[in-house]
Amino acid sequence: MTSSESPFNSTDLTPATWVVAAGRPAHEQGSPVNASVVMSSTFVSQGVPDGVAPAYMRAGTPAWEPLEELISGLERASEPATLFASGMGALSAALHLVRVGGTVVAPKHSYNTMLSLAESLEAQGRLRLECVDVADDEATARAIEGLSTGDMLWLETPTNPMLEICDLRALSAAAHERGALVVADNTLATPLAQRPLELGVDVVVHSLTKYFAGHSDLLMGAAVTSDPELQQRIRTHRTLHGAITNGWDAYLALRGARTMSLRVERAQENAAELARRLEADPRVAWVRHPSLASHPGHELAARQMTGFGSIVAWAPRGDDGTASRTTSDTFVSRVRLWTPATSLGGVESTIERRRRHGNEPTSVPEELIRLSVGVEEVDDLWRDLDQAFGG
Ligand SMILES: *Cc1c(COP(=O)(O)O)cnc(C)c1O
């Protein structure tokens, strides 16, 4: 149901309560507790002007509204979010906000398929991509200096899978001085841990496939902004490209989001504990997690975020004491409880050597193992990692 039916708004409630309460039907005698599953491609629309009521599903359906309200409230946006068929659908709509021929400055360790998309658009002459090390403040500042009106600063913090942290407020302000738009991929942090719009970002994008839906059973994305004109451009892109999700998946993702706060909290605790144990283990070559004091972005993350996320990057040592691709592959082949699979943010813990993907940037170390820590009991997760070292 639409936001106008909710008896409260997101600023009245803590995020943990908002994800449970948002997007439900009004409390009327006999009304259902849950939003309805709407499965209809077309709607009765006799004599109604375009855009007043749902008419055809490509342009809009009540099926999306509860989740769009929930996401928008979490990000504290003044406009409803826009759902997409996948995270990449949302990222693509946001990337197309850059002017034709404009420059996009992006982290060199942005999500790999975002980089593939930007490279493909660059090859077509649609935009120019400039990758920077966002952990290097001076290099990033120099790249932003070169932007002008209609260009774009693309941010991701923490990055996936290198977990670099950048300063959303400072970088957004610098990009706005140049007249550039700022987009942030907030998939890894989730709005429960970080709200980029409040720090000056113009558009936030999400892969809802991950923590929002949370059960590794569907793909979905969202773009969120408080700027009505940007929201309209994003929605027009969705309609014209047909990048829409369906009523059933929207229901499943909403159902997943109800427990998001519990899941994210537990997964973050597990991840910080595993990162701590790995760092103390002589069989480990290196570990990265923003919760660790050894992480170069730890203090910034502690200021900017209310949680450190549940992705851990690390590498085991081989027999000769050094990390390598083969040692990491052997490690991954030995896990039993952890699922050797890509993707992240599900209730189940997953593990992969990230460079097995051909489009992963080559500056990501060959041996890097990415853990997506789930909600299992941490000692069970640890015992499985412990036996996977072998010997
Ligand atoms: C998975 C992911 C995406 C893409 O989302 P899909 O739903 O798989 O299309 C984008 N950004 C980040 C950070 C991701 O982890």
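Side-chain atoms are counted along with the backbone in the values below, which use heavy atoms only and exclude waters and symmetry mates. Atoms within a ligand are numbered from 1 in the order they appear, just like the ligands themselves.
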* Can you sort out which atoms of ligand 1 are near Asp185, meaning under 4.0 Å from one of its heavy atoms? =>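 Answer, ordered by atom number: 10 (C), 11 (N), 12 (C), 13 (C).
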* Asked: Of all the atoms in ligand 1, which lie at a distance below 4.0 Å from a heavy atom belonging to Asn160?
  -> 15 (O)
* Heavy atom under 4.0 Å from ligand 1: found in Met114's side chain, backbone, both, or neither? ->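 Neither; no heavy atom under 4.0 Å.
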* Given that the side chain starts at C-beta and the backbone is N, CA, C, O, which of these parts of Leu91 lies under 4.0 Å from ligand 1, counting heavy atoms, or is it both or neither? ->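 It is the side chain that gets close, since no backbone atom is under 4.0 Å.
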* May I ask you to check whether Glu156 has an N/O atom sitting below 3.5 Å from an N/O atom of ligand 1? =>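 Checking ligand 1 against Glu156, no N or O pair falls under 3.5 Å apart.
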* To do: Could you tell me whether Leu344 and ligand 1 have an N or O pair separated by under 3.5 Å?
  => no
* To do: Considering only NZ, NE, NH1 and NH2 on the basic side and carboxylate oxygens on the acidic side, decide whether Glu79 and Arg235 come within less than 4.0 Å.
  =>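 Result for this pair is no, no salt bridge flagged.
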* Apply the side-chain contact (heavy atoms from CB on, under 4.5 Å) test between Pro191 and each candidate in Trp18, Tyr211, Phe212; give the one that qualifies. => Phe212
* Asked: Are the side chain of Asp384 and the backbone N or O of Val335 linked by a donor-acceptor pair below 3.5 Å?
  -> no
* Establish, from distance only, whether the side-chain atoms of Trp286 and Glu367 form a donor-acceptor pair under 3.5 Å. => yes
* Of the choices Met88, His206, Met220, which has the non-hydrogen atom that lies closest to atom 9 (O) of ligand 1? ->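 Heavy atom nearest to atom 9 (O) of ligand 1 belongs to Met88.
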* **Enclosure of Glu299 CD (heavy-atom neighbours >12, cutoff 6.0 Å)** => no
